[in-house]
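These notes are about the structure you will find just below.
Labels below follow one simple rule: chain letters A, B, ... track the order of the sequence lines, proteins then strands, and each chain is numbered from 1.
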Protein chains: 2
Amino acid sequence: MNEKPTPTRGRPKTLDRDQVLQAALMEYWSKGPRDVSISDICGLTGTSKPGVYREFGSDDGLKASVLETYHRLAILPLIDILEKDQSTIDAIDALISFMTQDRTNLGVPQGCLFVMMRAEAQQLGPSTCAKLHEVRRQLLDAYEAWITCSKSRGDFADIPTDVAALFMDAQHGGAMRMQREGVPNDTVVSVLGTALRMLVLGEKPDVITH
Amino acid sequence: MNEKPTPTRGRPKTLDRDQVLQAALMEYWSKGPRDVSISDICGLTGTSKPGVYREFGSDDGLKASVLETYHRLAILPLIDILEKDQSTIDAIDALISFMTQDRTNLGVPQGCLFVMMRAEAQQLGPSTCAKLHEVRRQLLDAYEAWITCSKSRGDFADIPTDVAALFMDAQHGGAMRMQREGVPNDTVVSVLGTALRMLVLGEKPDVITH
DNA sequence: ACCTTTTCGTACCTCTAATTACATTAAGCA
DNA sequence: TGCTTAATGTAATTAGAGGTACGAAAAGGT
């Protein structure tokens, strides 16, 4: 609906929206969304503060846009794993692999911006909070759909679907926090494996054979 | 070692250390440690800012002292449950009951200050961080001791002790966050029951019969 | 009474955050 | 060559944080 009509008049735009979004994403992700100021982002991108405000409206607007970017970058791939047609145990292994990818090699910070934002939601603006709830709901729905599907195959433990979804969400959050607290990746893999394999019928709670 | 010699000279002290600690505790706990300023606490307790600085040295000092208070109030009772001589399943039920107590009736905020501080550790001062690590270590040690003990009774699943301890810590954190996100208490009980009962040999992953 | 000790609290300092007023610049169009 | 449009960025504003300088107050000792 809001297609930019590419106006031919006026001074040409030099502010690179994507560059700002990328820089802000990495800063928020690595330092925490509340520990990065608009000025920081301006300094990093060589843009001016009014430029950022013109583009995003406010701190809240920028954070909401960054969360949307993060959603595409890191949450949708998670949901894709859940929606892919594969065995329950394969999905779990894929989830664990995805969550515990080697971040340093990927040039990506430890932890999860979505998880961090949820922890600091109290101090985020209304747009960011709304987006946060939306992403949370979408993720929980994806978990529930996946669980329902697994149950229909008879692979899944006898746990209420909503409870199991919250459990999985909690494990994801826990893993992301362990990552940030410096717990070794192998250990995070073990904890996640322990937690998630428990959900599968016929699986022993052994350490994942990665 | 630092026993106050109760000096008989000089203007008598009017600042009530415990009152400040209690007020700060409740504010940090309910609003998050980073969203409460020294001025807020002064306003709540009727003390002056220099008074607080004289007593606690700095923001960091106050937060560290509050964490110590919180440790006595809410972490040691948790550790006591682990150290009590009872069956594995009884301990788990006790843990779940303790974590999911009705906070509104107790006049105590939702969630856990220790968990919140860990999430914001990056921005806390050195004393608070040190205390945070100390409490974390103490809690993990208590989990590990309890797990070892349970294993020796043959009640516990075949999971490495350190991994199981991190798992339990993650469940605690997850439950505290769900509480703060407004998940109904019954649901939190179910999720915790699902998670922790999985650790017990011979228990079915049913919803807790509370 | 006066000195010493200890605590008190007002008023200030310094910084940094978010946000904006406004003059300027760079384009197309007449 | 101007006029219009739409973007630009410097420099300010406002608010609130952590922290402190310093003179006054309240006690005991002499």
ask   = For A:Arg11 and D:dT5, is the shortest distance between a side-chain N/O and OP1 or OP2 below 4.0 Å?
value = no
inquiry  = Between C1' on C:dT16 and CG on A:Asp35, what's the gap in Å once rounded to a whole number?
reply    = 13 Å
request  = Measure from NZ on A:Lys49 to P on C:dA21 and round the result to the nearest Å.
outcome  = 14 Å
inquiry  = Just the rounded figure in Å: distance from C1' of D:dA15 to CG of A:Asp59.
reply    = 15 Å
request  = State whether the distance check finds a donor on one side and an acceptor on the other, under 3.5 Å, for side chain B:Arg54 versus base D:dG19.
outcome  = no
request  = Would you indicate what A:Ser58 reaches in the nucleic acid, counting non-hydrogen atoms under 4.0 angstrom: base, sugar-phosphate, or nothing?
outcome  = sugar-phosphate
ask   = Where the side chain of B:Tyr53 is concerned, which of D:dT20, D:dA17, C:dT7 is the nearest nucleotide?
value = D:dT20
note = Quick note, A:Ser48 side chain, CB onward, closest among C:dT19, C:dT6, D:dG9 is D:dG9
Between D:dA17 (C1') and A:Arg34 (CZ): distance, integer Å = 12 Å
query = Over how many whole Å does the gap from A:Gln123 atom CD to D:dG16 atom P extend?
reply = 13 Å
ask   = Which comes earlier along DNA chain D counting from the 5' end, the contact point of B:Gly57 or that of B:Asp40, where each point is its nearest nucleotide?
value = B:Asp40
request  = May I ask you to test the B:Met198-A:Thr194 pair for a side-chain heavy-atom distance under 4.5 Å?
outcome  = no
request  = Establish, with yes or no, whether the OP1 or OP2 oxygen of C:dT16 is under 4.0 angstrom from a side-chain nitrogen or oxygen of A:Ser37.
outcome  = no
query = Looking at C:dT20, D:dT8, D:dG18, which one has an atom nearest to any side-chain atom of B:Ile38?
reply = D:dG18
task = Look at A:Arg9 and C:dC29 and indicate whether a side-chain polar atom (N or O) is within less than 4.0 Å of OP1 or OP2.
result = no
request  = Establish whether the base of C:dT6 is bridged to the side chain of B:Lys13 by a donor-acceptor pair shorter than 3.5 Å.
outcome  = no
inquiry  = Between B:Asp162 (side chain only) and B:Glu144 (backbone N and O only), is there a donor and an acceptor less than 3.5 Å apart?
reply    = no
Sidechain-backbone polar pair: B:Thr187 side chain, B:Val183 backbone, donor-acceptor under 3.5 Å = no
ask   = Does the side chain of B:Glu134 come under 3.5 Å of the side chain of B:His71 through a donor N or O and an acceptor N or O?
value = no
Distance test, side-chain N/O of B:Thr14 to OP1/OP2 of C:dC8, below 4.0 Å = yes
query = Between D:dG19 atom C1' and B:Leu62 atom CG, what is the distance in whole Å?
reply = 14 Å
inquiry  = Side chains of A:Trp146 and A:Phe156, heavy atoms from C-beta outward: is any pair under 4.5 Å?
reply    = yes
request  = Calculate the interatomic distance between B:Asp60 atom CG and D:dA17 atom P; express it in whole Å.
outcome  = 18 Å
query = Tell me: CD of A:Glu55 to P of C:dT20, nearest whole Å?
reply = 16 Å
query = Heavy atoms under 4.0 Å, any strand shown: does A:Pro12 hit a base, just sugar-phosphate, or nothing?
reply = sugar-phosphate
